[in-house]
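What you see is a predicted model; the values in this text were computed from it and never measured. Numbering of residues begins at 1 and proceeds along the displayed sequence.
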Amino acid sequence: MTVLTDIMSWIFLLSGGFFVFAGGVGFLRMPDLYTRMHASSLTESLGAILILVGLMFQGGLTLVTVKLVIMLFFLLFTGPTAAYALANAALLAGVEPQAKRKQKREEA
């Protein structure tokens, strides 16, 4: 049973690491603020979920798992809320998406 638990744990940890890495690459490759936020926030949330689930497999049914579940709920609420607040602040500050900027240049 411990071998199966270790295998499941490493599957979750490695796939979570992949999504975190993909979010970082997406953040570097995307052209403007809104697409960067979209790429990074989605993959970072999924990566954090998978990594915490992998750590829960490693922790077993202990107090550590309870703390990891609390961290998971905290991340699930604060990550999307922070991304929304940042996008809303950028929109209110006048940062336009790249498609709108291209459209304005073509009209001019």
Verdict with supporting geometry, Tyr34 and Val95, side chain to side chain contact (heavy atoms under 4.5 Å, CB included): CA-CA 9 Å; Tyr34 298 106; Val95 178; 4.0 Å; yes
Looking at [X] and [Y], what are the two nearest heavy atoms and their distance?
X     : Y     : value
Val20 : Gly47 : CG2-CA, 3.9 Å
Met30 : Arg36 : O-NE, 2.9 Å
Ala83 : Ser41 : CB-CB, 4.0 Å
Leu76 : Pro80 : O-CD, 3.3 Å
Leu33 : Ala90 : CD2-CB, 3.2 Å

Chi angles and distances behind the side chain to side chain contact (heavy atoms under 4.5 Å, CB included) call for Thr35, Asp32: CA-CA 6 Å; Thr35 55; Asp32 67 339; 2.6 Å; yes
Cut-off 3.5 Å, no hydrogens considered: what does the side-chain donor-acceptor table look like for residues 53-71, sequence neighbours left out?
unit_1 : atom_1 : unit_2 : atom_2 : d
Gln58  : NE2    : Ser9   : OG     : 3.0
Thr62  : OG1    : Gly59  : O      : 3.2
Thr62  : OG1    : Val64  : N      : 3.3
Thr65  : OG1    : Gly60  : O      : 2.2

Decide whether [X] and [Y] are clustered together by the hydrophobic rule: side chain heavy atoms of Ile, Leu, Val, Met, Phe, Trp, Tyr closer than 4.5 Å, transitively.
X     : Y     : result
Phe18 : Leu46 : yes
Tyr84 : Phe74 : no
Phe27 : Met37 : no

Atom pair CG/CD1 of Leu14 and Ile51 - distance to nearest 0.5 Å: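 So the CG of Leu14 and the CD1 of Ile51 are separated by 9.5 Å.
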Spacing of Thr43 atom OG1 and Phe19 atom CZ [to the nearest 0.5 Å]: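 Interatomic distance, Thr43 OG1 to Phe19 CZ, rounded to 0.5 Å: 8.5 Å.
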Main-chain N/O of Leu42 paired to Ser45 side chain as donor or acceptor, under 3.5 Å: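 Flag not set: sc Ser45 to bb Leu42 has no pair under 3.5 Å.
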